[in-house]
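Here's the structure we're looking at; comments come further down.
Numbering starts at 1 and runs along the sequence shown. Basis for what follows: all heavy atoms, side chains included, without hydrogens, waters or symmetry-related copies.
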Amino acid sequence: ASYLSAKIEAGVDAVQIFDTWAGNLTEDDFLEFSLPYITKTVELIKREKQPVIVFPKGANHSLKKIAKCGADVVGVDWGVTMEYAREKIGKHAAVQGNLDPTILYAPEEKIKTETVKILEVFGNHPGHIFNLGHGILPDVQPAKAKFLVKTVHEESTRLRSELKKKKK
């Protein structure tokens, strides 16, 4: 908590607490050995406007409880559908996630299809940060990553526009 508070005081825009090994724990072990420490860290971080993101990778069994740890955003991995994540997290926190990073090995059309699936789940609901799973794999072609970013921007704009038209 002291380290993250120092980062915030130094001017970062947001902080993220990772528990990369959370999914290796049983639900009971996660709730005993990880979530209380995540929650305590979130409580102790000094902040005004900087959001706190928690990403306990693979702890999808506990999303409802994770959502109540006090973080502003809960990161989810590609092992859970966005529908499930949204249902479990509810309005307690925003959701960050969750395209499988191996999709960047696929043709661009497949990248686009999978990206749109995720974006459509959220529609015009606030509180979604599109994310590429657990990061870009080292041998992914940079052009594929650029295509993904372009697709997220274009499709997000298109979906917002369609939703506005439906409301009228």
Do [X] and [Y] have side chains that get closer than 4.5 Å, going by heavy atoms?
X	Y	value
Val76	Met82	yes
Leu148	Phe130	yes
Leu35	Pro56	no

Let me confirm one number: the CD-OG1 distance from Glu109 to Thr151, rounded to the nearest 0.5 Å.
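It is 9.0 Å, given to the nearest 0.5 Å.
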
Residue set satisfying salt bridge (charged side-chain N to carboxylate O under 4.0 Å, His left out) with Glu120, at least two apart, ordered chain then number -> none

Sorted by chain and residue number, the salt bridge (charged side-chain N to carboxylate O under 4.0 Å, His left out) partners of Lys57 (sequence neighbours excluded) come out as none

Linking I/L/V/M/F/W/Y whenever any side-chain heavy atoms sit under 4.5 Å apart, do [X] and [Y] land together?
X	Y	answer
Val152	Val140	yes
Phe122	Val149	no
Ile38	Val74	yes
Phe33	Val42	no
Leu132	Val116	no

The criterion is side-chain hydrogen bond (donor to acceptor under 3.5 Å, both in side chains); which residues satisfy it with [X], sequence neighbours excluded?
X	result
Tyr37	none
Asp13	none
Glu162	Arg158
Lys117	Glu114

Selection residues 137-147 - residue pairs positive for side-chain hydrogen bond (donor to acceptor under 3.5 Å, both in side chains), sequence neighbours left out =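 Counting only pairs at least two positions apart or across chains, the side-chain hydrogen bond (donor to acceptor under 3.5 Å, both in side chains) contacts touching residues 137-147 are Tyr105-Asp139.
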
For Val12, side-chain contact (heavy atoms from CB on, under 4.5 Å) partners two or more places apart:
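Partners of Val12 by the side-chain contact (heavy atoms from CB on, under 4.5 Å) criterion, ordered by chain and then number, come out as Lys7, Ile8, Val15.
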
- Message: Applying side-chain contact (heavy atoms from CB on, under 4.5 Å), can you list everything that pairs with Lys40, at least two apart in sequence or on another chain?
- Response: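 Glu43, Leu44.
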
Could you work out the complete set of other residues in the hydrophobic cluster of Ile129, with links drawn between I, L, V, M, F, W and Y side chains under 4.5 Å apart?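 Under the 4.5 Å side-chain rule, Ile129 groups with Ile53, Val73.
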
Which pairs would a plain distance check flag for residues 84-104, meaning a side-chain donor or acceptor within less than 3.5 Å of a matching protein atom at least two apart in sequence or in another chain?
| unit_1 | atom_1 | unit_2 | atom_2 | d |
| --- | --- | --- | --- | --- |
| Arg86 | NH1 | Val121 | O | 2.6 |
| Arg86 | NH2 | His125 | NE2 | 2.3 |
| Asn98 | ND2 | Asp77 | O | 2.9 |
| Asn98 | ND2 | Val80 | O | 2.5 |
| Asp100 | OD1 | Thr102 | N | 2.9 |
| Asp100 | OD1 | Thr102 | OG1 | 2.9 |
| Asp100 | OD2 | Thr102 | OG1 | 3.1 |

**Q.** Exercise: identify the closest heavy-atom pair between Ala59 and Ala22
**A.**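 Looking at all heavy atoms of both residues, the closest pair is CB-CB, 4.0 Å.
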
Heavy-atom nearest pair, Val54 first then Ala71, reads CG1-CB, 3.7 Å

N/O donor-acceptor pairs under 3.5 Å from side chains in residues 24-32, not counting sequence neighbours:
| unit_1 | atom_1 | unit_2 | atom_2 | d |
| --- | --- | --- | --- | --- |
| Thr26 | OG1 | Asp29 | N | 3.0 |
| Thr26 | OG1 | Asp29 | OD2 | 3.4 |

